[in-house]
Amino acid sequence: MVSIPADEIAHDFSPFFRVYKDGRVERFHYSIYVSPSDNPNTGVRSKDVNNNSARLYLPKITENNQKFPLLIYIHGGGFSIESAFSTGHDKYLHSIVAKANVVVISIDYRLAPEHPLPACYDDSWAVITWAALHVEMCDHLILTEEEFIKEAWLKDHVDFSHVFLAGDSAGANIVHDMVVRASASEKPLGDGFRIVGTALIHPFFGNDEPDEYCLFIFPECQGLDDPRLNPAAHPRLLSNLVCLRIKVFTAEKDFLRDRSLTYYYALKKSGWKGEVEIMETQGEDHVFHLLEPTCEKAGILMKRLVDFFNEKI
């Protein structure tokens, strides 16, 4: 039997990961895990829920049975790195909760290449349907008491008629697919779960050019125009999106900038009845707001997000 050298590379997808011929995966970025916490300064509390598939954030409670909008957030990282429990995403979402007064569910999903796409989409949808179980009158999703125990923070403090979805990079890609799934004619999340807005921050979309990386992590994709990777190629799906408003964020130096613009213009031309806006940050690169969250332009982006989540719809 011929042995395979441990250092022989089969696939190199820098800056995400490298796969060796013996099957070993080497990542170039490892997330630093941070535990959930209660912050005495802001009053924001967090805990991990649904078998550690998500982190739940609760803003400061000032009155009994206080209800807040719900923000479902999906992290980026090329579908292969990062985590909902990483230091950067945890800190960023803590700030959003404190500033916007929203309850946040931050979804964690299995990563490629060990778990090829569509695992990340399916994992994210599972968390969203779990959240929808907390809506009153959700007979279409009823489980037995042994199968489902309601999470008190969601049950007592969420206004499910005011739900937002948001994500950065690959997370924004997943968010779009979640809205497509929620827009299916059978109303899979029920009438009480109302998605009013979606924020796509520097979305990782494909286009009509071959992409070796995407084909490797998504071997079951339907080609260059797969609706999960290249939504701009599917105007019918865009026209049927159930949310009322979509805000696309891009950056002047973002290598995915053109794809964000393509999505924006495709949505405008699709016949969708909602309102779409785009914000471009000059002089900045992909997900700069996470890499330098204290810089002035990151503060401006944060304010636009907070304003978006706070607008009455």
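All heavy atoms count here, side chains included; hydrogens, waters and symmetry mates do not.
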- request: May I have the step-by-step check of side chain to side chain contact (heavy atoms under 4.5 Å, CB included) for I107 and D123, ending in yes or no?
  value: CA-CA 8 Å; I107 296 177; D123 291 351; 5.7 Å; no
field: Results of salt bridge (Lys or Arg N to Asp or Glu O under 4.0 Å) for D38 - residues two or more places apart only
entry: R45
- request: Would you sort out whether L267 and L241 count as a side chain to side chain contact (heavy atoms under 4.5 Å, CB included), showing the intermediate values?
  value: CA-CA 10 Å; L267 189 57; L241 296 179; 4.1 Å; yes
- prompt: Who pairs with S31 by side chain to side chain contact (heavy atoms under 4.5 Å, CB included), at least two apart in sequence or on another chain?
  reply: H29, E82, S83, S86
task: Would you indicate whether the side-chain heavy atoms of F249 and R304 approach each other to under 4.5 Å?
output: yes
task: Applying side chain to side chain contact (heavy atoms under 4.5 Å, CB included), name anything that partners I9, two or more places apart in sequence or on another chain.
output: D12, R18, Y20
query: Which residue pairs pass the salt bridge (charged side-chain N to carboxylate O under 4.0 Å, His left out) test when at least one of the two sits in residues 217-235, sequence neighbours left out?
result: D226-R228
task: Run the salt-bridge test on E292 and K297 with the 4.0 Å N-O cut-off and return the result as yes or no.
output: no
Any donor-acceptor N/O pair, N173 side chain to S169 backbone, under 3.5 Å: no
message: Surrounding CD of Q282 (heavy atoms of other residues, nucleotides or ligands, distance under 6.0 Å), is the total greater than 12?
response: yes
field: Any donor-acceptor pair under 3.5 Å from H162 side chain to D159 backbone
entry: no
- request: Report yes if the side chains of S46 and L56 come closer than 4.5 Å at any heavy-atom pair, otherwise no.
  value: no
- request: Check the hydrophobic clustering (I, L, V, M, F, W, Y; side-chain heavy atoms under 4.5 Å; chains of links allowed) and say if L224 and V180 are grouped together.
  value: no
- prompt: How long is the span from the CD1 atom in I246 to the CD atom in E275, to the nearest 0.5 Å?
  reply: 10.5 Å
query: Would Y213 and F16 count as a ring pair (Phe, Tyr, Trp, His ring centres under 6.0 Å) if you check the C-alpha gap in whole Å, the side-chain angles of each, and the deciding distance to 0.1 Å?
result: CA-CA 10 Å; Y213 176 75; F16 297 116; 5.0 Å; yes
- prompt: Less than 4.5 Å apart, any side-chain heavy atom of L133 and any of K150?
  reply: no
task: Mark yes or no for whether R27, through its side chain, and S80, through its backbone, hold a donor-acceptor pair below 3.5 Å.
output: yes
field: Residues forming a ring-ring contact (aromatic ring centres under 6.0 Å, His included) with F28, sequence neighbours excluded
entry: none
field: Contact summary for L189 and I128, nearest pair of heavy atoms
entry: CD1-CG2, 3.8 Å
task: Identify the heavy atoms of A166 and L71 that sit nearest to each other, and give their distance.
output: CB-CD1, 3.7 Å
Heavy-atom closest pair, residues E280 and R257: OE1-NE, 2.7 Å
Between NE2 on residue H157 and CD on residue E151, distance to nearest 0.5 Å: 10.0 Å
task: Give a yes or no on whether V49 and V34 share a hydrophobic cluster (residues Ile, Leu, Val, Met, Phe, Trp, Tyr; joining criterion: side-chain heavy atoms under 4.5 Å apart).
output: no
query: Any donor-acceptor pair under 3.5 Å linking the side chain of S270 with the backbone of W272?
result: yes
query: Does the side chain of L215 come within less than 4.5 Å of D211's, by heavy atoms?
result: no
query: Shortest non-hydrogen contact from Y73 to H89?
result: CE2-CD2, 3.9 Å
query: If you count the non-hydrogen atoms of other residues, nucleotides and ligands that lie under 6.0 Å from CG in N52, is the total more than 12?
result: yes
message: Suppose clustering is done on Ile, Leu, Val, Met, Phe, Trp and Tyr with side-chain heavy atoms closer than 4.5 Å. Which residues sit in the same group as Y33?
response: F85
query: Is it true that H11 and F216 have ring centroids separated by less than 6.0 Å?
result: yes
query: With a cut-off of 6.0 Å (strictly less than), are more than 12 heavy atoms of other residues, nucleotides or ligands near CD of E114?
result: yes
Side-chain ion pair, R24 and E8, N-O less than 4.0 Å: no
- prompt: For the residue pair P36 and K47, what are the closest heavy atoms and their distance?
  reply: CB-CA, 3.6 Å
Listing, residues 192-206 side-chain donor-acceptor contacts under 3.5 Å, not counting sequence neighbours, or none:
unit_1	atom_1	unit_2	atom_2	d
R194	NH1	S161	O	3.1
H202	ND1	V287	N	2.8

- prompt: Would you find a donor on one side and an acceptor on the other, under 3.5 Å apart, between the side chain of E186 and the backbone of P188?
  reply: no
message: Rounded at 0.5 Å granularity, tell me how far SG in C243 sits from CG in L165.
response: 8.5 Å
query: Listed by chain and number, what are the salt bridge (Lys or Arg N to Asp or Glu O under 4.0 Å) partners of D258, not counting sequence neighbours?
result: none
task: Could you check if a side-chain atom of P113 sits within less than 4.5 angstrom of a side-chain atom of V25, using non-hydrogen atoms only?
output: yes
Side-chain heavy-atom pair E284, T281 within 4.5 angstrom cut-off: yes
- request: Measure the spacing between CG of L70 and CD1 of I105 and express it to the nearest 0.5 Å.
  value: 4.5 Å
message: Using the rule that Ile, Leu, Val, Met, Phe, Trp and Tyr join whenever any side-chain heavy atoms are under 4.5 Å apart, tell me whether L290 and M279 fall into a single cluster.
response: yes
Evaluation steps, salt bridge (charged side-chain N to carboxylate O under 4.0 Å, His left out), between R181 and D122: CA-CA 10 Å; R181 295 192 189 200; D122 295 339; 3.1 Å; yes
message: ring pair (Phe, Tyr, Trp, His ring centres under 6.0 Å) for H286 and F255? Distances and angles first, verdict last.
response: CA-CA 7 Å; H286 191 65; F255 72 106; 5.2 Å; yes
- request: Report the distance from atom CG of D7 to atom NZ of K21, rounding to the nearest 0.5 Å.
  value: 11.0 Å
message: The criterion is side chain to side chain contact (heavy atoms under 4.5 Å, CB included); which residues satisfy it with Y264, sequence neighbours excluded?
response: K268, V276, I278
message: Determine whether a donor-acceptor pair (N or O, by modelled atom type, separation under 3.5 Å) exists between the side chain of D108 and the backbone of S53.
response: no
query: Are any non-hydrogen side-chain atoms of L58 and V44 less than 4.5 angstrom apart?
result: no
- request: Enumerate the residue pairs fulfilling salt bridge (charged side-chain N to carboxylate O under 4.0 Å, His left out) with a member in residues 86-103, sequence neighbours excluded, ordered by first and then second residue.
  value: R55-D90
- prompt: Closest approach of P231 and H176, non-hydrogen atoms and distance?
  reply: CB-NE2, 3.2 Å
field: Gap between atom CZ of R110 and atom CG of L117 - 0.5 Å precision
entry: 10.5 Å
Close side-chain approach of T262 to N207, heavy-atom, < 4.5 Å: no
task: Scan residues 291-313 for pairs that pass ring-ring contact (aromatic ring centres under 6.0 Å, His included), counting only residues two or more places apart or in two chains.
output: F164-F308, F164-F309
- prompt: Among pairs that include at least one residue of residues 96-121, which meet ring-ring contact (aromatic ring centres under 6.0 Å, His included), considering only residues two or more places apart or in two chains?
  reply: H75-Y109
message: Using salt bridge (charged side-chain N to carboxylate O under 4.0 Å, His left out), reason through K247 and E311 one step at a time and then give a plain yes or no.
response: CA-CA 13 Å; K247 198 167 189 78; E311 288 180 10; over 6 Å; no
